[in-house]
Amino acid sequence: MIIVMGREVTDGQVGTVVNKLESAGLKANISRGIERTVIGAIGDESRLDADMFTSLPGVESAMHIAKQYKIVSRESHKENTIVDIAGLKLGGNQIQIIAGPCSVETQEQMDLAAQFTHEAGCRLMRGGAFKPRTSPYAFQGKGVEGLDMFRKAASRYKLPIVTELMDVRQIDAFLEYDVDVIQIGTRNMQNFDLLKEVGRLNKPVILKRGMSATISEWLMSAEYIAAGGNHNIIFCERGIRTFETAYRNVLDVTAIPMLKKETHLPVIVDPSHAGGKAWMVAALSQAAIAAGADGLLVEMHPSPCDAWCDADQALTPEELKKLMVTMGAIAGAVGRTL
Ligand code: PEP
Ligand code: MN
């Protein structure tokens with residue numbers, strides 16, 4: 001951390017800052033310039049907060065220079081991390097497309113969805129049993145019964161399952177049904193107690209980006225999970241909220257190379273919640289894989305017009321098959337496989 005003192009600083013004020021640093025176990029390096037005195041903190045600054053200093057007399061500003069996220073940062077781990085999901089690799093050369101309905105509805109719908117996911121060539125399946133809905137009166141998901149339907153349908157095709165965890169009270173059921181990947185939704189990206197609990201589990205986690213979260217906040221949320229010991233984290237860009245109202249969210253393609261630079265963990269993209277329309281999914285998926293994403297999380301429903309949730313953005317089974325062909329070509333163009 002560096003602490004910049006104001007123009008009229010006194011020796012006493014510098015001394016107060018130095019004492020505060022020393023009582024926190026750090027050393028101070030005082031650099032007196034013609035106009036400004038700058039104090040550098042030497043040692044472990046993770047316990048320091050800028051506010052501890054900005055409130056002191058004579059201090060103009062204080063800022064961290066070391067990154068607040070450590071385990072997830074590429075500085076701490078140069079190689080790409082490959083997350084193992086029931087033997088499948090995510091984050092390696094092979095692109096993974098995770099497909100399935102927004103929500104688990106019926107056994108028949110899930111059986112068909114699993115069949116179509118498998119037939120399209122996807123190796124993982126998604127589906128929400130617990131749904132975070134904007135309205136409390138909208139369908140809230142089938143809950144534990146939904147996990148049961150999902151597990152039965154996916155097991156027939158040996159598809160690992162990805163489903164959203166909304167509350168710590170659901171963890172026992174997730175373990176009972178052996179959910180392969182826990183999804184933390186956009187609305188829970190900063191639910192720190194939930195992140196801490198997931199950090200204690202030995203299960204891969206897809207961490208979606210909060211709809212108004214900065215890259216740094218997103219990385220810090222991942223650090224919460226990692227700090228608990230669970231390093232199997234996959235970032236999922238799902239579109240952010242901006243001034244634009246013509247589509248559901250804005251897919252932040254720029255986040256892909258940025259995250260790839262900042263973290264060693266895999267990055268996937270959800271083109272369905274980004275655009276909010278089925279007809280946009282192919283274009284956004286192409287952009288995502290071309291920009292370096294390691295996979296996609298795509299909504300597909302056996303009969304989109306009958307979907308209980310997010311009907312507008314669900315691909316038909318046929319559209320998913322077509323998307324897989326296009327993804328194969330894009331993957332090849334960027335030196336990867338599908
Ligand atoms: C979902 O994937 O079903 C979902 C609710 O997405 P998000 O958290 O990105 O809105
Ligand atoms: Mn959805």
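Numbering of ligands and ligand atoms starts at 1, following listing order. Fair warning: this is a prediction, and the values are worked out from it, not measured in the lab.
- Between E164 and K131, none of the side-chain N atoms (NZ, or NE/NH1/NH2) sits under 4.0 Å from a carboxylate O, so this pair counts as no salt bridge.
- D310 and Q313 are linked by a side-chain donor-acceptor pair at a separation below 3.5 angstrom, with hydrogens and angles left out of the test.
- Closest heavy-atom approach to atom 9 (O) of ligand 1 within the set R238, R248, H273: this belongs to R238.
- From the protein, the heavy atom lying nearest to atom 8 (O) of ligand 1 is T186 N, 2.9 Å.
- With a 6.0 Å radius and a threshold of 12 heavy atoms from other residues, nucleotides or ligands, E108 has its CD atom at or below the threshold.
- Not a single N or O atom of E164, backbone or side chain, sits closer than 3.5 Å to an N or O atom of ligand 1.
- Under the 4.0 angstrom criterion for non-hydrogen atoms, R187 is in contact with ligand 1.
- By the 4.0 Å heavy-atom criterion, M211 is excluded from the residues contacting ligand 1.
- Excluding waters, the set of protein N/O/S atoms under 2.8 Å from the Mn ion (ligand 2) reads C102 SG, H273 NE2, E299 OE2, D310 OD2.
- For the residue pair E119/Y157, the side-chain donor-acceptor check at 3.5 Å is not satisfied.
- Between D270 and K208 there is a salt bridge, since a side-chain N of the basic residue sits under 4.0 Å from a carboxylate O of the acidic one.
- Looking at N80 and R74, their side chains do bring a donor and an acceptor atom within 3.5 Å of each other.
- Using modelled atom types, one finds a donor on one side chain and an acceptor on the other under 3.5 Å when comparing R123 with Q96.
- Closest to atom 6 (O) of ligand 1, if we only count protein heavy atoms, is K208 NZ, 2.9 Å.
- Note on M63: it does not cluster hydrophobically with V18, by side-chain heavy-atom contacts below 4.5 Å among ILVMFWY residues.
- Near G185, with a cut-off below 4.0 Å to any heavy atom, the atoms of ligand 1 are 8 (O).
- A donor-acceptor contact closer than 3.5 angstrom is absent between the side chains of Q115 and D111.
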